[in-house]
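This chain uses plain numbering: 1 for the first residue, then up along the sequence.
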Amino acid sequence: MSKRRSARSQQKSAKGKPAAPAAATRAAAAPYEPRPWRPPWTAVLGLIAAALALRLVTVWLLYRGNPLFAYTMPGYDQNVYQDWAKEILAGDWLVRKGGLFYYAPIYAYFAGIVYKICGGQNFWALHLIQALIGALTCGLLFRLAGTWLGRVGAWTAGIVWAGLAPWLFYEQGLLHEGLLIMLYAVTLWSARRIELGARAPWALAFLAGSCIFLGTLARGNALALAPVLAVWLLFARPEGLRRPESWARAGWPAAVALCAGVALMMFLFLLRNRAVTGAWEMGMKNGTVLFYLGNAADAVGYFTETPRFQEVHALAGADMSIYWREWFVDLRNAPGHILLNLFRKAYFFFASPDLADNLSYPLARRLYPTIGLNPLQWVWLVPLGFVGAAVSLRWWRRWSLLLLFAGVFSATLIMILPTGRYRIPLFIPVAIWVGLTAEWSLHQWRTRRYGPLLAAGGAFAALVILLGPWWRPEAAKPRLNDYVNLTGAALDQGHADQARRLLREFERDYPALAHRLPQLSRARFRLARLEGNQAEAVRLADQLWGAAQQAGPGFLTPQVAQEMAEVYIAAGRRERASLIARSLYAGEETRALGQSLLEELGESPGRAAAP
């Protein structure tokens, strides 16, 4: 009797509550499977507009607060590129003055073309065009992400690219970082289109090869992609192709076309070098120097000139092969240190602290809200990207293009130097994997698969702890050199507000050195003079004079010495001004300065005296 009642109650409940469709139940229980989504053009244009708006705000902030917005410091890469760009502006498209290029020249040509269009050196045009290129690259990468991910994942990746803080800063550094990201994006988009079965794969492969070599003219490690992608094209048949052997035949023309694209661009570059120097040489030999800098027997894993490097560098002259010969000597004598340094560089490459060279990302985070208040930072995104890369291994063949790009790009830079701005193109695959992590996590939550979700969360937390700035807090702080250079650049241009703010930040970071560092003492004197504070300028000039007596020749730069003499003349202390003027007159390179000051004092050179 009880069995009949239970059966009737089950029938009543079944009538009152409709059963879930079997297909929906199976879909909810099925494991995650990424379903590509093609973003509509309205979505792409919306993302481009948002990315451009954020970049324009960043450009304005840099204009207001960055002394290097329209200024380059002698001896730095940016200054060399601007000199070459001026040659192009003057009509010398081969840049004969540059001879065999020591640095990669693509940014010089980009800047030269912009200046040629604008009719003169126009830094505003340069920054705005760089912002536009960055925004358009975000749109292209958004479309690329949609070939692997669904709506949620593609939008996640697109938002990461549009607002990525390191990209916003480095693409405006009067360097080639933004151009390089664009060239890598076009290369991956072309290769992915071939993989998806696009028409005329040979044309897309030729485009990819051309972009690879143009990327080599920005950073030499890009050339390593050429053989890897050529081999990949032989095996990465279009998805869904029923007859793999048909793509095996079609893959050869695509691989050959990619190599032809590289070869044509390389030939044109060699032709330029032949016309200028008479030799079929590639040039761009600073890569060899950087390799030894990062792999010498006493290398420390980041950009610093160790005693061993200085020894070899002094012997090198024009012989770049000496770096390779000496590296093999180091490899025989100190293999353990070199191997340990390689692991150290690998950690530095993936860790969040940004290793600066001639641009300071830590200082940018202090000065510009779109950088410093931006949550899209390396410390969170790279661990999320690692989780997504691990998830993608389930479909490794489908994701092989991104896996290969990330592997080749990371390995080649770790072999050289993991400088902060060099790493930015890694965010192309990382953002897509962040999108995969978002989609996969959402599916796990909806299907109540909490175990894998907790495991992924644990892995993410462990990577944040391992790669975060907590172990090396000094690396997250701007360097002394950053403050010295930027303050000097601000004063050179007469930007007192920028110089004052930089000095305040310096005193906060290095209170023990606030009034002991000679470079900053000179900067305070120049600032007081710039602001018209005559009494303070005289007081600081007296301090510098006393320090110069103890330190000896070379303590005062010619520019500071000239400004001190002018301050003393204005204060009526002509005797001390005369001593400085005669000291400047005694040097060959500073004689013109000394002559000018002596004429202002109404004196003849006579016998030179040193302060």
Side-chain angles (χ1 to χ4, degrees), residues 104 166-167 170 175-177 180-181 184 187-188 212 215-216 218-229 284-306 308-309 323-324 326-328 330-331 334-359 361 378-379 381-386 388-390 393 400-431 433 463-464 466-469 471-472 475:
W167 188 358
Y170 279 121
L175 292 165
H176 43 237
E177 311 312 319
L180 186 57
I181 295 173
Y184 278 138
T187 299
L188 291 174
I212 286 174
T216 304
R219 188 153 297 121
N221 70 312
L223 193 59
L225 281 175
V228 173
L229 283 186
M284 300 186 297
K285 294 181 179 179
N286 70 311
T288 307
V289 179
L290 289 177
F291 175 82
Y292 190 74
L293 185 69
N295 294 278
D298 56 352
V300 293
Y302 51 86
F303 196 105
T304 187
E305 295 187 3
T306 60
R308 174 63 174 155
F309 172 82
Y323 293 104
W324 292 108
E326 293 300 319
W327 181 73
F328 282 112
D330 291 351
L331 187 60
H337 176 85
I338 290 176
L339 181 62
L340 178 64
N341 186 51
L342 199 62
F343 284 108
R344 184 192 296 123
K345 289 193 293 181
Y347 175 78
F348 288 164
F349 180 83
F350 292 110
S352 64
D354 188 282
L355 299 178
D357 57 350
N358 45 19
L359 291 175
Y361 184 72
W378 184 281
V379 65
L381 295 175
V382 169
L384 284 173
F386 269 114
L393 292 176
S400 58
L401 176 61
L402 282 188
L403 292 166
L404 281 174
F405 173 82
V408 171
F409 178 80
S410 302
T412 50
L413 280 186
I414 290 168
M415 287 288 292
I416 304 171
L417 273 175
T419 303
R421 64 185 175 92
Y422 296 0
R423 310 181 299 175
I424 306 305
L426 184 64
F427 278 107
I428 295 177
V430 161
W433 283 325
L463 287 169
V464 168
L466 177 65
L467 302 178
W471 309 110
R472 299 173 58 240

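The shortest heavy-atom contact between Pro166 and Ile424 is CB-CD1, 3.6 Å. The two atoms that bring Leu355 and Thr419 nearest to each other are O-CG2, 3.4 Å, heavy atoms only. Annotation for Pro425 and Tyr184: closest pair CB-CD1, 3.5 Å, computed over non-hydrogen atoms. Closest non-hydrogen pair, Val408 versus Ala224, comes out as CG1-CB, 3.9 Å. Summarising the geometry of Leu381 relative to Val430, their closest heavy-atom pair is O-CG1, 3.7 Å, with the distance given to 0.1 Å. Between Ser410 and Phe349, the closest heavy-atom pair is OG-CE2, 3.4 Å.
The line from CG of Leu417 to CG of Asp357 is 9.5 Å long, rounded to the nearest 0.5 Å. In this structure, the separation between OG1 on Thr187 and CG on Leu229 is 7.5 Å, given to the nearest 0.5 Å. Rounding to the nearest 0.5 Å places CG of Leu180 at 11.5 Å from OH of Tyr422. Considering CD of Glu326 and CG of Leu331, their distance stands at 12.5 Å, rounded to 0.5 Å. With rounding to the nearest 0.5 Å, the separation of CD in Glu177 from CZ in Arg219 is 4.5 Å. The CZ atom of Arg308 sits 13.0 Å away from the CG atom of Asn295 when rounded to the nearest 0.5 Å.
Under the 4.5 Å side-chain criterion, counting only non-hydrogen atoms from C-beta, Asn358 is in contact with Leu175. With a 4.5 Å cut-off on side-chain heavy atoms, Asp330 and Tyr292 count as touching. In this structure, Trp327 and Ile338 have side chains that are in contact, with non-hydrogen atoms separated by less than 4.5 Å. No side-chain heavy atom of Thr412 sits under 4.5 Å from any side-chain heavy atom of Met415.
Formation of a donor-acceptor pair under 3.5 Å by the Lys345 side chain with backbone atoms of Ile416 is found in this model. At distances below 3.5 Å, at least one donor-acceptor pair connects side-chain atoms of Trp378 with backbone N or O atoms of Ala351. Judged by distance alone, the side chain of Ser352 and the main-chain N or O of Leu467 form a donor-acceptor pair under 3.5 Å. For the pair His176 (side chain) and Gly215 (backbone), a donor-acceptor distance under 3.5 Å is absent.
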- Query: What's the verdict on side chain to side chain contact (heavy atoms under 4.5 Å, CB included) for Val382 and Leu463, showing C-alpha distance, side-chain angles and the deciding distance?
  - Reply: CA-CA 9 Å; Val382 169; Leu463 287 169; over 6 Å; no
- side chain to side chain contact (heavy atoms under 4.5 Å, CB included) between Leu359 and Tyr170, intermediate numbers included: CA-CA 8 Å; Leu359 291 175; Tyr170 279 121; 3.9 Å; yes
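Aromatic rings of Phe427 and Trp167 (six-membered ring for Trp) have centroids beyond the 6.0 Å cut-off, not under it.
Between Phe405 and Phe409, the two ring planes are parallel [angle under 30°; tilted spans 30° to 60°]. Using bins of under 30°, 30° to 60° and over 60° for the plane-to-plane angle, the ring pair Tyr323/Phe309 lands in the parallel bin.
Judged by distance alone, the side chains of Arg421 and Tyr361 never bring a donor and an acceptor atom under 3.5 Å apart.
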